Peer 1: 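One structure follows; several queries about it will come next.
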There are 2 protein chains.
Amino acid sequence: MSQSIQRAAEVLELVAQEPRTQAEIAARLGVHRSTALRTLQTLCDAGLTRRRADGRYGLGYRLAGLANVAAEQFDLREIARPALERLGRECRHTVHLAALDGDAIVYVDKIEQPGMVRLYSQIGQRVVLHTAGVSKAILAFQPSDVVERMLQGHEFTAHTTTTITNRPDFDRALAAVRERGWAEDDAEYEDFANCVAMPVRDAGDSVVAAVSITSLRASADLGTLRGLTPLLAETTAGISRDLGWRPAGPETTDPQEAYR
Amino acid sequence: MSQSIQRAAEVLELVAQEPRTQAEIAARLGVHRSTALRTLQTLCDAGLTRRRADGRYGLGYRLAGLANVAAEQFDLREIARPALERLGRECRHTVHLAALDGDAIVYVDKIEQPGMVRLYSQIGQRVVLHTAGVSKAILAFQPSDVVERMLQGHEFTAHTTTTITNRPDFDRALAAVRERGWAEDDAEYEDFANCVAMPVRDAGDSVVAAVSITSLRASADLGTLRGLTPLLAETTAGISRDLGWRPAGPETTDPQEAYR
DNA sequence: GCTCCTTGTTGCACCTGCCGCAACGGCGTG
DNA sequence: CACGCCGTTGCGGCAGGTGCAACAAGGAGC
């Protein structure tokens with residue numbers, strides 16, 4: 001909507017990847033050198049970026065402060081953290097927490113294992129809807145109009161040989177998720193990584209987030225991960241309960257409960 | 001420089017304080033409601049803010065991700081962290097690390113103690129130059145032209161009865177710092193908090209940062225804090241060494257060393 | 001049921017303030 | 001010494017940000 005703010009945000013993403021020179025940023029943004037400079041100056045004033053000793057621009061100190069505050073505002077993250085850490089300790093794999101954020105699904109937290117390869121995901125990033133386990137775990141339990149809206153215009157780009165590349169196949173995958181209760185990513189984004197994921201529900205019984213266990217196929221294949229679903233179920237049930245969710249009794253499994 | 005980016009940064013600060021409504025933000029910015037909305041939408045698109053369940057706007061998840069990356073770019077912080085944590089464990093008070101960042105001094109890291117009152121400082125925030133211990137510890141060892149530039153237009157606002165309110169007194173304070181090797185904040189900003197601070201030097205023997213120990217007067221007065229200066233000296237010397245600083249031999253204590 | 005309030009959204013006209021350009025100076029490197 | 005890179009400044013043009021008004025939708029309160 002607002003061009004210059006959009007550009008400023010792009011600058012943040014650029015210098016987050018690695019500190020960059022003013023000329024490089026101007027080139028990547030496709031704007032004149034002086035324009036990039038003015039943007040950078042404003043951002044530096046605000047402490048969001050900073051000029052480093054080597055002359056390149058990097059992220060600013062203020063970001064760390066804002067993030068500290070932000071973490072306090074993330075009720076979900078705060079609530080889920082202990083459960084995620086426990087899961088991480090017990091399964092020894094990378095754990096992700098992703099949540100619905102408007103019409104997108106974003107990574108909200110991540111537990112990494114010491115010595116493990118870093119995965120592509122970053123906190124705050126949008127999840128690739130048609131490949132990630134967490135997105136399937138969430139989408140499978142959304143009303144169809146929500147799914148429709150979120151997938152509108154979505155490109156089913158092939159990243160590996162197992163990527164789901166069309167809507168009908170994806171719908172079948174969601175149906176499978178609903179049936180068995182968990183979602184999988186069978187090396188659909190990176191051919192060396194796979195994962196299992198399960199949904200998290202809130203007090204209104206809506207699925208608002210999902211937790212996944214990701215591993216390198218070399219260290220644990222899908223079959224091994226499936227063996228971890230009981231552990232994962234325990235984790236997601238715990239988080240859901242902390243969010244105020246109440247396990248449905250047999251009589252409340254019908255749609256009548258919607259009337260509270 | 002760039003108005004809309006400046007506003008966007010203000011928005012970030014506003015919602016960092018607490019989640020706010022669109023109308024509130026518009027009022028604080030002094031702009032029309034629709035303008036504020038457009039700014040917010042752009043920021044939300046970038047993940048820097050987000051619309052919360054209660055309709056108010058808060059900080060976005062992407063900030064947490066950016067901050068993770070940012071922390072990796074902060075060499076000083078990375079290097080100093082272990083020493084600060086150790087100091088925190090040993091003195092049981094709040095520990096600050098502040099650094100020169102262009103023509104400002106900003107908090108770079110902070111060790112809080114469980115159960116302690118939260119202090120005003122936030123990572124990334126500019127230090128109040130005439131009251132903070134860290135700023136005196138840094139300014140006392142800067143070339144006079146740098147001090148001049150940084151204090152240009154600075155207001156010596158009184159925050160408590162002990163605040164230094166004019167330049168000559170401040171210069172005398174800096175001289176005292178040079179003499180005894182550490183700086184103090186005698187309840188100059190908040191009447192219930194005081195601190196001691198010492199400088200950190202880099203490989204070129206320049207003072208680039210400072211570490212402070214802050215406490216509530218009720219829990220430890222200035223006299224008690226002064227007793228901690230040996231511990232503080234150990235910490236700053238350790239960080240300085242990690243930055244490549246070499247303790248000066250007796251013959252290099254004269255100004256000749258400036259010629260390297 | 002009703003109203004009142006807040007918010008999201010859209011269209012439009014105005015004009016601010018951002019953009020691109022060019023030129024100069026400083027600094028470090030080859 | 002030349003060259004490249006960067007910061008800075010002034011200026012004209014115009015894109016795009018801004019303010020305004022009007023409407024719809026949702027919620028709270030009565």
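Chain identifiers are assigned alphabetically (A, B, ...) following the order of the sequence lines, protein sequences preceding nucleic acid strands; residue numbering begins at 1 within each chain. Owing to the predicted nature of the structure, the values given are computational and were not obtained by experimental measurement.
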Peer 1: Is Arg28(A) paired with Glu10(A) through a side-chain N to carboxylate O contact shorter than 4.0 Å?
Peer 2: no
Peer 1: Can you see whether Ser121(B) engages His96(B) through a side-chain donor-acceptor pair at a distance of less than 3.5 angstrom?
Peer 2: yes
Peer 1: Any cation-pi pair here, Arg77(A) with Tyr61(B), using under 6.0 Å and within 45°?
Peer 2: no
Peer 1: Looking at dT6(C), I'd like to know if its phosphate oxygens (OP1 or OP2) sit under 4.0 Å from a side-chain N or O belonging to Gln22(B).
Peer 2: no
Peer 1: Within this structure, what is the CZ-to-P distance between Arg38(B) and dG17(C), rounded to whole angstrom?
Peer 2: 15 Å
Peer 1: Can we say Glu24(A) and Arg33(A) salt-bridge, meaning some charged N sits less than 4.0 Å from an Asp/Glu carboxylate O?
Peer 2: no
Peer 1: Taking atom P of dT7(C) as reference, at what distance in whole Å does atom CG of Leu40(B) sit?
Peer 2: 11 Å
Peer 1: Could you state the atom-to-atom distance from CG of Leu29(A) to P of dC18(C) in whole Å?
Peer 2: 16 Å
Peer 1: In whole angstrom, give the distance that lies between atom CD of Gln3(A) and atom P of dG20(C).
Peer 2: 8 Å
Peer 1: Nucleotide range of DNA chain D contacted by chain B, 5' to 3', under 4.0 Å to a heavy atom?
Peer 2: dT18(D) to dA22(D)
Peer 1: Using atom CD1 of Ile5(A) as one end and atom P of dC18(C) as the other, report the distance to the nearest whole Å.
Peer 2: 11 Å
Peer 1: Under 4.0 Å between any heavy atoms, over every strand shown, what does Ser34(A) touch: base, sugar-phosphate, or nothing? Just pick one.
Peer 2: base
Peer 1: Over how many whole Å does the gap from Arg7(A) atom CZ to dG17(C) atom P extend?
Peer 2: 17 Å
Peer 1: Please determine whether a side-chain nitrogen or oxygen atom of Arg56(B) lies at a distance below 4.0 Å from atom OP1 or OP2 of dT7(C).
Peer 2: no
Peer 1: For Asp45(A) and Arg126(B), work out which heavy atoms get closest and say how close.
Peer 2: O-NH2, 3.5 Å
Peer 1: In whole Å, what is the span from the CD1 atom of Ile25(B) to the P atom of dT7(C)?
Peer 2: 10 Å
Peer 1: Strictly distance-based, threshold 3.5 Å: is any side-chain N or O of Arg178(A) a donor or acceptor partner for the main-chain N or O of Ala140(A)?
Peer 2: yes
Peer 1: Tell me: OH of Tyr57(B) to P of dT6(C), nearest whole Å?
Peer 2: 15 Å
Peer 1: Classify the nucleic acid contact of Ser2(A) as base, sugar-phosphate or nothing, counting any heavy atom under 4.0 Å across all strands shown.
Peer 2: sugar-phosphate
Peer 1: Look at the side-chain N and O atoms of Thr21(B) and state whether any lies under 4.0 Å from the OP1 or OP2 oxygen of dT7(C).
Peer 2: yes
Peer 1: Of Arg33(A) and Ala36(B), whose nearest nucleotide on DNA chain D comes first from the 5' end?
Peer 2: Arg33(A)
Peer 1: Taking for each residue the nucleotide of DNA chain D with the nearest heavy atom, is it Ala23(A) or Ser4(A) whose nucleotide lies nearer the 5' end?
Peer 2: Ala23(A)
Peer 1: Does a donor on one side chain and an acceptor on the other come within less than 3.5 Å for Ser4(B) and Ser4(A)?
Peer 2: yes
